[in-house]
Enquirer: 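This is the structure I have questions about; it appears just below.
It should be emphasised that the depicted structure is a prediction, and the values quoted were computed from it without experimental measurement.
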Amino acid sequence: MAFFSSGSRALVEILTRLQSAEQPMPVDHTLFEFGSIRYHLQASMTDSENIYLSISTPSLSYEASPSSGFPEITLQETRKMYHKFAEIIEPPKEGYALTLKLNFSGLTRPKDRIKAINQISLLQSVILSSQLKDMLGNLGSSGTMKLVYNQRDPFFVSKTPVKINAIFPMRFRDDTDLAIASSFFQELQELGSTSSFTRVPRCSWSPIPPPELRGEYVHHLTTNGGFVSFDILARHVKGGRAARTAWILLNFQSYVKYHIKCTRSYIQSRMRKRLEIMTEVIDDAKLRGNDENRKKLQVRKRSKRRSIKFARAKKLQKGLKAIVDKIKRLRLRIRVKRLDRFRGHCQCFAVPKLTMAQREHKYQKLE
């Protein structure tokens, strides 16, 4: 959000460095900022107490402003705000609309110098707010004026005896930004019509130009995002609020586009996160399916192995049974034919029987 700050951070940094330096240092810087703002800072060794600041900014409306320099009301507002430590140099530096001579020697406390530097950084918003007040005064009781702060995004200010209306043509280059902006504006239109926002200035959106822009050139009203308009009350342009109101008006279109870009980035990040979650769920389902399929294959392989082992065991069992049967057949007594008849003939001979003493006879070893 620093981009929409009304103060110039570059000016604050350079001026703070000059004030905090132990020895005087020469400076010759040219700065460019958003909105075609150009600054020039100059300080010399011989005149170390004085710093010359020049600024050049395009006019908000070439119709209401003079061709060169700022209107008198702008110079008066500048003198009123910076009279303690700055004075306007006439004529300004060549190529610039305003030149200030800054002298912080009268501010002894560091706190006062920091405050003065921050006020100098608001010089752009002071000039723009004074220009806006001058243009509204030139409109009289009624009228419409085109304001150009950013060349690509001009806007209109319409004044009536009752109120001031700011009208912003909204243009978007990207179709996605246009869709988000259309939804945002429609929601804004619905909320503005509720009773909760009766005290706030009226804000509306329309896809066609409002009646206040009748008579404007067609190319000024060519837009794809419709027209946003809201009321500016008298209290918004009085006193110190005028500078803030002017800055809000000048940066409203840029802020809306910034908001749309942030919303788009948020939506895309949520979509990516949702996609990652869905991808994880799908991957987990695939893994679970693969695990189930793997388990089924493992069960099938196990049952197949078991059936193969059972068949092998059965086959082996049959083989072993056949071998055992063969062994049993081999262990049966061998029958020799006509052996019984031979035994009958042998019974006629007396077969001597050996006594126990003869059985226990021991042979003597011959030497």
Side-chain angles (χ1 to χ4, degrees), residues 1-6 32-37 57-63 124-125 128-129 131-132 135 144-159 164-194 197 200-232 236 244-275:
M1 296 300 296
F3 175 79
F4 300 103
S5 176
S6 57
F32 293 88
E33 290 189 350
F34 178 77
S36 302
I37 307 298
T57 176
S59 177
L60 294 179
S61 177
Y62 297 101
E63 299 175 359
Q124 177 190 4
S125 63
L128 294 174
S129 62
Q131 287 185 359
L132 184 60
M135 287 183 288
T144 302
M145 180 176 293
K146 176 186 174 184
L147 302 180
V148 181
Y149 178 61
N150 184 1
Q151 296 294 333
R152 294 178 299 180
D153 296 318
F155 65 99
F156 300 88
V157 174
S158 177
K159 185 178 179 180
I164 301 173
N165 195 18
I167 305 169
F168 299 90
M170 305 305 300
R171 299 176 177 88
F172 300 93
R173 296 183 178 180
D174 191 84
D175 294 338
T176 304
D177 295 347
L178 177 60
I180 297 174
S182 300
S183 176
F184 170 71
F185 293 145
Q186 291 175 5
E187 184 178 358
L188 180 66
Q189 181 75 11
E190 294 175 358
L191 290 176
S193 60
T194 58
F197 299 92
V200 300
R202 186 184 64 87
C203 181
S204 61
W205 173 80
S206 174
I208 60 175
E212 292 84 357
L213 298 183
R214 291 177 180 175
E216 293 292 335
Y217 293 105
V218 177
H219 64 276
H220 292 167
L221 306 179
T222 302
T223 177
N224 58 356
F227 297 82
V228 178
S229 59
F230 51 85
D231 297 339
I232 302 174
H236 295 150
R244 180 172 178 81
T245 301
W247 191 254
I248 292 174
L249 292 176
L250 297 175
N251 292 277
F252 175 76
Q253 291 164 309
S254 299
Y255 183 77
V256 170
K257 293 181 180 180
Y258 167 81
H259 176 74
I260 297 301
K261 290 293 184 183
C262 292
T263 305
R264 177 180 178 178
S265 177
Y266 174 75
I267 293 174
Q268 290 176 346
S269 63
R270 291 294 301 271
M271 290 176 64
R272 285 193 295 267
K273 186 176 180 180
R274 182 62 178 170
L275 180 61

Enquirer: Provide the closest heavy-atom pair for V228 versus W205 in the form atom of the first, atom of the second, distance.
Expert: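 Heavy atoms only, the tightest pair is CG2-CD1, 3.7 Å.
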Enquirer: I need the T245 OG1 to L128 CG distance, nearest 0.5 Å.
Expert: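 Going from OG1 on T245 over to CG on L128, the span is 13.0 Å.
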Enquirer: To the nearest 0.5 angstrom, please state how far the CE atom of M170 sits from the CZ atom of F155.
Expert: 12.0 Å
Enquirer: Is there side-chain contact between F184 and T263, with heavy atoms separated by less than 4.5 Å?
Expert: no
Enquirer: Please verify the inter-ring angle class for Y255 with Y258; under 30° counts as parallel, over 60° as perpendicular, anything in between as tilted.
Expert: tilted
Enquirer: Heavy-atom distance under 4.5 Å between the side chains of M271 and I267, does that happen here?
Expert: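 Answer yes - side chains close enough.
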Enquirer: With the side chain counted from C-beta on, respond yes when M145 and L147 share a heavy-atom pair under 4.5 Å apart, and no when they do not.
Expert: yes
Enquirer: Testing L249, N165, V157 for side chain to side chain contact (heavy atoms under 4.5 Å, CB included) with I232, which one passes?
Expert: L249
Enquirer: Search all heavy atoms of R171 against all heavy atoms of P154 and return the closest pair with its distance.
Expert: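 Heavy-atom minimum between the residues: NH1-CD, 4.1 Å.
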Enquirer: CG/L178 to OG/S183 distance, rounded to the nearest 0.5 angstrom?
Expert: 11.0 Å
Enquirer: Does a side-chain heavy-atom distance below 4.5 Å link V256 with F185?
Expert: yes
Enquirer: Is S254 reaching over with its side chain to a backbone N or O of N251, donor-acceptor style, under 3.5 angstrom?
Expert: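 No.
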Enquirer: Measuring from T144:OG1 to R214:CZ, what's the distance to the nearest 0.5 Å?
Expert: 11.5 Å
Enquirer: Once you round to the nearest 0.5 Å, how far does CG of D174 lie from CD1 of I260?
Expert: 11.5 Å
Enquirer: Less than 4.5 Å apart, side chain to side chain, heavy atoms only: is that true for F168 and T223?
Expert: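 No - every pair of side-chain heavy atoms lies 4.5 Å or more apart.
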Enquirer: Taking all atoms of both residues into account, what is the closest heavy-atom pair of F156 and P169, and its distance?
Expert: CE1-CG, 3.9 Å
Enquirer: For the atom pair NZ (K261) and NZ (K257), what is the distance rounded to the nearest 0.5 Å?
Expert: 9.5 Å
Enquirer: Where do S229 and I167 come nearest, in terms of heavy atoms and distance?
Expert: CB-CG1, 3.9 Å
Enquirer: Is there side-chain contact between R202 and F230, with at least one heavy-atom pair below 4.5 Å?
Expert: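 Heavy-atom side-chain distance check fails, nothing below 4.5 Å.
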